[in-house]
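Beneath this line is the structure, given in structure tokens, with notes to follow.
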Amino acid sequence: MNMELNGVEYPLVFNMNAIRNVMDSAGMEDFDKLMDSKNLGQQLDFALFCAYHGINEGAACNGKDKPFILIADLGRQIKNYNQLLPAVEAFTKAVTEFFQIESEGK
């Protein structure tokens, strides 16, 4: 999945590194806090963490330098919350797939 900011496409990668980094940045030990959060500030932070770590991991996996050294550098590019939704959706999908247990009968 990709995320577009100001006409630039950034690949999003949510592997173990990125998932762990998002959870660490958000202070999450499990996913219950995220689902229960009604705090707008926490939701905004989480979405920004998803974009930041997903974009930077995507760059690293493609052999490129991090496009955003500081999370504030990315934050300056965000003009509305909808720009962050692809990162949140990609994170959620990746977590679901990462923790999915395959049965032996497949």
Side-chain angles (χ1 to χ4, degrees):
M1 180 175 270
N2 290 331
M3 180 174 167
E4 183 181 331
L5 291 175
N6 304 319
V8 178
E9 288 279 329
Y10 297 97
L12 294 166
V13 171
F14 288 101
N15 53 20
M16 185 170 181
N17 289 339
I19 291 169
R20 184 177 49 81
N21 288 335
V22 169
M23 291 183 72
D24 186 51
S25 293
M28 295 170 55
E29 293 179 13
D30 55 47
F31 298 105
D32 291 340
K33 280 186 182 179
L34 174 64
M35 301 307 165
D36 293 338
S37 179
K38 304 288 188 244
N39 182 314
L40 183 58
Q42 286 178 340
Q43 290 176 358
L44 291 173
D45 284 347
F46 177 75
L48 189 59
F49 295 145
C50 287
Y52 178 74
H53 292 298
I55 288 170
N56 282 340
E57 192 67 20
C61 288
N62 287 300
K64 297 183 179 178
D65 292 334
K66 290 180 178 182
F68 302 104
I69 302 303
L70 302 174
I71 200 163
D73 296 334
L74 173 59
R76 285 184 198 92
Q77 302 294 313
I78 306 299
K79 304 297 184 226
N80 99 31
Y81 183 76
N82 287 333
Q83 292 174 284
L84 297 170
L85 291 179
V88 174
E89 291 169 5
F91 175 83
T92 303
K93 181 179 179 200
V95 166
T96 300
E97 291 173 0
F98 186 83
F99 288 104
Q100 186 173 26
I101 298 172
E102 294 185 27
S103 65
E104 289 184 37
K106 283 189 172 182

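Since the model is a prediction, treat every value here as computed from it, not as a measurement.
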Item to complete: Quick one: closest heavy-atom pair of Val13 and Ala18, and the distance?
Response: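 Between these two residues, the closest heavy atoms are O-CB, 3.4 Å.
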Item to complete: Please report the closest heavy-atom contact between Ile78 and Leu5, naming both atoms and the distance.
Response: CD1-CD2, 3.6 Å
Fill in: Under the side chain to side chain contact (heavy atoms under 4.5 Å, CB included) test, residues paired with Pro67 that sit two or more places apart
Tyr10, Ile55, Asn56, Ala59
Fill in: Backbone N/O of Cys61 and side chain of Lys64: donor-acceptor pair under 3.5 Å
no
Worksheet item: Any donor and acceptor pair, going by atom type alone, linking the side chain of Gln83 with main-chain N or O of Asn80 inside 3.5 Å?
Response: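 Pair found, side chain donor or acceptor close to backbone of Asn80.
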Response to the item:
Across all chains, not counting sequence neighbours, the side-chain hydrogen bond (donor to acceptor under 3.5 Å, both in side chains) partners of Asn6 are Gln77
Item to complete: With rounding to the nearest 0.5 Å, note down the distance linking NZ in Lys66 to CG in Asp73.
Response: 11.5 Å
Worksheet entry | Beyond-backbone contact of Leu84 with Tyr81, side-chain heavy atoms, under 4.5 angstrom | yes
Worksheet item: So do Glu57 and Phe14 actually touch side chain to side chain, heavy atoms under 4.5 Å?
Response: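 Sidechains of Glu57 and Phe14: no contact.
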Which donor-acceptor pairs under 3.5 Å do side chains of residues 44-53 form with protein atoms, sequence neighbours excluded?
residue: Tyr52; atom: OH; partner: Ile69; partner atom: O; Å: 2.6
residue: His53; atom: NE2; partner: Ser25; partner atom: OG; Å: 2.8

Worksheet item: Around Asn62, counting heavy atoms of other residues, nucleotides and ligands shown, do more than 12 lie under 6.0 Å from its CG?
Response: yes
